[in-house]
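Working notes for the structure below.
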Number of protein chains: 2
Amino acid sequence: MERVTKRPAVTVGTRPGGRSERVVRSVLKAAAEELSLSGFTNFRVEEVALRAAVAKTTIYRRWPTKTDLVAAMLHAPLIADDATVDTGSLRGDLLETLRRGVAKGGTPEGRAAIRMVQAEIENPEVAELVRVLRRARRKAFREVVKRAVARGELAPTVDSNLLLDMIMGPVHGRMRLGEPVPASLMESVVDIVVAGFNAAAAPPRR
Amino acid sequence: MERVTKRPAVTVGTRPGGRSERVVRSVLKAAAEELSLSGFTNFRVEEVALRAAVAKTTIYRRWPTKTDLVAAMLHAPLIADDATVDTGSLRGDLLETLRRGVAKGGTPEGRAAIRMVQAEIENPEVAELVRVLRRARRKAFREVVKRAVARGELAPTVDSNLLLDMIMGPVHGRMRLGEPVPASLMESVVDIVVAGFNAAAAPPRR
DNA sequence: GAACTATCGCAACTCGAAGTTGCGTTTGCA
DNA sequence: TGCAAACGCAACTTCGAGTTGCGATAGTTC
């Protein structure tokens, strides 16, 4: 006479409305707060449960590990505003792209995200998240380059990924250390990179 | 009748020879192995003790925290080869600087170091370590720039720190994700940056 | 609006790794 | 040769991640 009552260990999401939605929202909000207060390393799931006024088990049933929770929390906002920038000029677009990146990485959440990614880069899910975000960003940026080429501001042969890395890379170090990134620095970087791409493309070096 | 036998909780290093030296060396070696095998997050002090055939307490008495141990292990090798590069040309010097940086960051220890720095950047000692290393690197690089200016390859007004960031930054992202950094990429970066600095310096933009 | 069950709350767990303590033993060094 | 610095060992504390079992609540379906 076996009682075969299915007891799902993990919340599956067949009941998305009402209470469940409230729980998810308040947990993610509390997670964001905890992340910006404590950073990833000192992020405590129990503290999130307290903030969200929710049982710790409820959290673990929906997000099996701390990393899952943080990743879920970061996913939406980070992937959201990949709306294409379009200011009308290459310089403007690059500056705007850079500004947005710095704005993202400059917030406590952004820095925490970078930290998490670093600390957990061996974690396949985190690595996959990084790949997804990067792919989205590179794809969006390809449009910027395409328009610049159409305007004659760039050679058609430019490597858009390299261009993106070259404007974002130099400021990443400062962002990672929590240092400010002044607007003048962003402008210098963009100007030098643009000049460099033009000069390197026009005369075939040497 | 108080017995005032001083029992120092932490090893102070008044006895640097013989056994102590052997202990320090084998622990640091074991720590390096463990770091490259497990990364910083999964780095277990007890495992280091086993590898080094040393008591766990011995480790803790000399390096009070896991971070201290890893930092000590990284300090020597990372700060070591800051011998000035001098190939005779700016392009060569930049390439060599970039190559060395990539070589450092490409090893398992290097990646682990980057990861540790990220994860523990709130830790004052780690932050200080980063500042020290960066200061040393920037100082060494200033010589490179000075010689290039003397040769007339750069304007005297260049910001050497910016130049360093602009060659190292773009490849850092790949290094952090454990991706390869092909030589062709390094050359592209250097060429574009050099061209950019020259072009941006000569005509005062606009 | 009644029943079915997904989801939640609660309390008490296990587990693993960091870091500690006390004491006896070895060994560098004066 | 002797004293204290440094080590070995074993048992301990602490803390946070993740688990388990069961009863209570509340979406959803008919």
Side-chain angles (χ1 to χ4, degrees), chain A residues 3-28 30-31 34-35 37-71 116 119-120 123 125, chain B residues 3-28 30-31 34-35 37-71 116 119-120 123 125:
Chain A
R3 200 71 173 85
V4 205
T5 322
K6 232 194 234 162
R7 286 203 171 281
V10 54
T11 302
V12 77
T14 8
R15 201 180 266 183
R19 182 170 61 165
S20 290
E21 197 210 335
R22 284 195 300 277
V23 165
V24 170
R25 288 227 308 243
S26 72
V27 167
L28 290 183
E34 168 71 350
L35 193 52
L37 278 173
S38 309
F40 181 74
T41 308
N42 298 84
F43 182 100
R44 276 174 298 136
V45 175
E46 198 147 12
E47 176 66 25
V48 174
L50 288 178
R51 280 180 182 281
V54 145
K56 188 174 63 160
T57 22
T58 298
I59 296 182
Y60 275 109
R61 274 191 282 248
R62 199 173 282 271
W63 303 279
T65 71
K66 162 180 157 174
T67 300
D68 287 326
L69 173 57
V70 178
M116 186 197 77
E120 297 287 314
N123 182 320
E125 295 183 46
Chain B
R3 198 75 172 79
V4 205
T5 324
K6 232 192 235 163
R7 286 205 169 280
V10 55
T11 302
V12 76
T14 7
R15 199 180 266 182
R19 182 171 58 164
S20 289
E21 196 209 336
R22 283 194 302 277
V23 165
V24 170
R25 288 228 306 242
S26 71
V27 167
L28 291 183
E34 168 71 350
L35 192 53
L37 278 174
S38 309
F40 180 74
T41 308
N42 298 84
F43 182 101
R44 276 173 299 136
V45 176
E46 197 148 13
E47 177 64 26
V48 175
L50 288 177
R51 279 180 183 280
V54 144
K56 190 175 61 160
T57 21
T58 298
I59 296 183
Y60 276 109
R61 273 192 282 249
R62 198 172 283 271
W63 303 278
T65 72
K66 164 181 157 175
T67 300
D68 287 326
L69 173 57
V70 177
M116 188 197 75
E120 297 287 313
N123 182 321
E125 296 183 47

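Below, all heavy atoms of this structure are taken into account, side chains as well, without hydrogens, waters or symmetry copies. This one's a predicted model, so the numbers in the text were calculated from it and none came from an experiment. Convention: sequence-line order gives letters A, B, ...; per-chain numbering from 1.
- Between B:N42 atom CG and D:dA17 atom P the separation is 15 Å, expressed in whole Å.
- Side-chain N or O atoms of B:S26 include one that pairs as donor or acceptor with a backbone N or O of B:V23 at under 3.5 Å.
- Rounded to whole Å, atom P of D:dT28 lies 10 Å from atom CD of A:E21.
- The separation between B:K56 atom NZ and D:dA11 atom C1' is 10 Å, rounded to whole Å.
- Remark: the B:R61 side chain and the D:dG8 base include a donor-acceptor N/O pair separated by less than 3.5 Å.
- The phosphate of C:dC29 (OP1 or OP2) has no side-chain N or O of B:R15 nearer than 4.0 angstrom.
- Nucleotide D:dG8 holds its C1' atom 16 Å from the OH atom of B:Y60, rounded to whole Å.
- Atom CZ in B:R62 sits about 8 Å away from atom C1' in D:dA6, given to the nearest Å.
- Nearest to the side-chain atoms of A:R19 among the listed nucleotides D:dA6, C:dG22, C:dA6 stands C:dA6.
- Atom CG in B:L69 sits about 10 Å away from atom P in C:dG19, given to the nearest Å.
- The side chain of B:P16 sits closest to C:dC29 out of D:dT19, C:dG19, C:dC29.
- Heavy-atom minimum distance, A:R44 versus A:E34: N-OE2, 3.0 Å.
- Put simply, CZ on B:R22 is 10 Å from P on D:dG8, counting in whole angstrom units.
- OP1 or OP2 of C:dG9 has at least one side-chain nitrogen or oxygen of A:T58 nearer than 4.0 Å.
- Set against D:dC7, C:dC8, D:dT20, the side chain of B:V23 has D:dC7 as its closest nucleotide.
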